[in-house]
Amino acid sequence: MAKHPLQKAESPAPGFSLLWHLIGIASFVSSFRFLLAWETPMTNSYGWHLQFFTIIALTLSTITFVIAAVADVTRSTALFNVKNALSVVSTPINVVVTTLYFGISAVDPALLVPPEFKIPFAVDLGFHFVPCLVLTFDHLVLSPPWTIRTHEMMGISTAFAFAYWYWVELCYSKNGWYVYPIFALLNTSQRVILFIVAGALATLASSSLKAMHAKINGQTVATKKTN
């Protein structure tokens with residue numbers, strides 16, 4: 001397929017694009033291997049490690065990049081379009097993960113991870129930084145511009161945030177504890193505010209990534225109208 005005129009590098013393609021996606025997949029698989037060997041109360045709890053917002057984002061990242069890699073090998077336009085559709089959600093969510101994790105950790109790491117479950121720094125980066133890095137690069141260099149409007153992204157982000165809140169409360173009702181210590185310190189109203197902020201950050205991340213893509217790759221008149 002011909003490269004989109006507003007796309008920096010060729011993709012899908014069995015060259016650099018495939019290499020980049022395989023690098024991302026290798027990192028994601030390494031993170032999941034660590035999870036499978038990591039014995040914590042979450043291991044045998046209701047919801048497993050998918051109680052973590054980070055692991056949900058990592059799962060979305062893995063699905064996105066596996067589809068991207070298959071598209072590179074097969075040069076499939078359909079799979080490439082599926083990858084781009086998933087990226088609209090998975091990339092901003094991973095930006096939120098990185099922002100909230102390192103932002104809250106700068107205040108007090110124990111709000112997110114009890115000291116006895118602290119993980120090695122390289123593993124930490126694999127969970128909380130690498131997905132954001134590789135997905136952002138994929139969007140800026142290996143993908144056409146997103147056409148999703150701000151209000152549409154806001155709706156998706158808000159729905160995702162409150163779906164996760166429901167999931168967190170369901171797991172709490174089964175396990176008797178929250179996966180993130182910070183949730184136990186907040187009352188219901190404060191948790192609602194936290195999830196609203198997370199949804200707003202995802203919307204802001206999406207808008208910022210679209211602006212960065214336009215800055216790097218250019219912007220057509222048609223694209224401007226859709227924004």
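Just so you know, these numbers use all the heavy atoms, side chains as well, and skip hydrogens, waters and symmetry mates.
- With sequence neighbours left out, Trp38 forms a ring-ring contact (aromatic ring centres under 6.0 Å, His included) with Phe34, His49.
- At a threshold of 4.5 Å between non-hydrogen side-chain atoms, the residues Phe28 and Thr59 do not count as touching.
- A donor-acceptor pair is defined here as one N or O able to donate and one able to accept, closer than 3.5 Å; no such pair exists between the side chain of Trp146 and the backbone of His139.
- Distance alone, capped at 3.5 Å, places no donor-acceptor pair between the Lys174 side chain and the Ser45 backbone.
- Checking side-chain atoms of Ser173 against main-chain N and O of Leu170 turns up a donor-acceptor pair under 3.5 Å.
- Note: Leu142 CG to Leu135 CG = 11.0 Å, rounded to the nearest 0.5 Å.
- The distance between the ring centers of Phe137 and Trp20 falls below 6.0 angstrom.
- A 4.5 Å side-chain heavy-atom check between Thr136 and Val95 finds at least one atom pair inside the cut-off.
- Checked by atom type and distance alone, the side chain of Tyr164 pairs as donor or acceptor with a backbone atom of Gln51 at under 3.5 Å.
- In the hydrophobic cluster analysis, where Ile, Leu, Val, Met, Phe, Trp and Tyr join through side-chain heavy atoms closer than 4.5 angstrom, Val107 is grouped apart from Ile182.
- Thr203 has its side chain out of reach of His151: every pair of non-hydrogen atoms, C-beta onward, lies at least 4.5 Å apart.
- To the nearest 0.5 Å, atoms CG (Asp138) and OG1 (Thr91) are separated by 6.5 Å.
- Of all heavy-atom pairs spanning Ser76 and Pro12, the tightest one is O-CG, 4.2 Å.
- Residues Pro109 and Lys118 fail the side-chain proximity criterion, which asks for heavy atoms closer than 4.5 Å.
- When the side chains of ILVMFWY residues are joined at heavy-atom separations under 4.5 Å, either directly or via intervening members, Val123 and Leu35 end up in a single hydrophobic cluster.
- The six-membered or imidazole ring of Phe52 lies near that of Tyr180, with a centre-to-centre distance under 6.0 Å.
- One hydrophobic cluster holds both Val113 and Leu111 under the rule that ILVMFWY side chains link at heavy-atom gaps under 4.5 Å.
- Heavy-atom minimum distance, Leu209 versus Leu140: O-CD2, 3.9 Å.
- Proximity of a side-chain donor or acceptor of His21 to a complementary backbone N or O of Ser17 within less than 3.5 Å is detected.
- The distance from the OG atom of Ser208 to the CG atom of Leu201 is 10.0 Å, given to the nearest 0.5 Å.
- Side-chain heavy atoms closer than 4.5 Å link hydrophobic residues (I, L, V, M, F, W, Y) into clusters, and following such links, possibly through other members, connects Ile104 to Phe121.
- Remark: Gln190 engages Leu186, Asn187 in a side chain to side chain contact (heavy atoms under 4.5 Å, CB included) (not counting sequence neighbours).
- Aromatic ring centres of Phe162 and Trp165 lie closer together than 6.0 Å.
- Listed by chain and number, the hydrophobic cluster partners of Leu19 are Ile23, where partners are ILVMFWY side chains within reach of under 4.5 Å, directly or through others.
- Judged by distance alone, with hydrogens and angles left aside, the side-chain atoms of Ser207 form no donor-acceptor pair with the main-chain N or O of Leu204 at under 3.5 Å.
- When all heavy atoms of Leu60 and Ile93 are compared, the closest pair comes out as CD1-CD1, 4.1 Å.
- Criterion: ILVMFWY side-chain heavy atoms under 4.5 Å apart, direct or through other members. Under it, Ile55 and Val66 are part of a common hydrophobic cluster.
- Ser90 and Thr64 are linked by a side-chain donor-acceptor pair at a separation below 3.5 angstrom, with hydrogens and angles left out of the test.
- Looking only at distances, a side-chain donor or acceptor of Asn84 sits under 3.5 Å from a matching main-chain atom of Phe80.
- Put simply, NE2 on His128 and CG on Leu58 are 9.5 Å apart, with the number rounded to the nearest 0.5 Å.
- The shortest distance between side-chain heavy atoms of Phe16 and Ser11 does not fall below 4.5 Å.
- The backbone N or O of Pro120 lies less than 3.5 Å from no partner atom in the side chain of Asp124, so there is not a single donor-acceptor pair.
- Using a 4.5 Å cut-off on side-chain heavy atoms (C-beta onward), Trp167 and Ile56 make contact.
- Of the N and O atoms on the side chains of Glu169 and Tyr178, at least one donor lies less than 3.5 Å from an acceptor on the other residue.
- Between Pro181 and Pro114 the shortest side-chain heavy-atom distance falls below 4.5 Å.
- Taking the side chain as every heavy atom from C-beta outward, Tyr101 and Phe127 never approach each other to under 4.5 Å.
- Under the side chain to side chain donor-acceptor pair (under 3.5 Å) rule, Ser143 has a single partner from Gln7, Lys83, His4, Lys8, which is Lys83.
- The ring-ring contact (aromatic ring centres under 6.0 Å, His included) with Phe195 is formed by just one residue from the set Phe160, Phe183, Phe53, Tyr166; it is Phe183.
- Scanning both residues, Pro145 and His213, for their nearest heavy atoms gives N-CE1, 3.4 Å.
- Counting all heavy atoms, side chain and backbone alike, Ser105 lies closest to Leu112 at OG-CD1, 3.7 Å.
- Judged by distance alone, the side chain of Ser206 and the main-chain N or O of Ala202 form no donor-acceptor pair under 3.5 Å.
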### Task
Could you check Glu39 against Phe117 for side chain to side chain contact (heavy atoms under 4.5 Å, CB included), going step by step and ending with a plain yes or no?
CA-CA 9 Å; Glu39 289 294 329; Phe117 298 128; over 6 Å; no
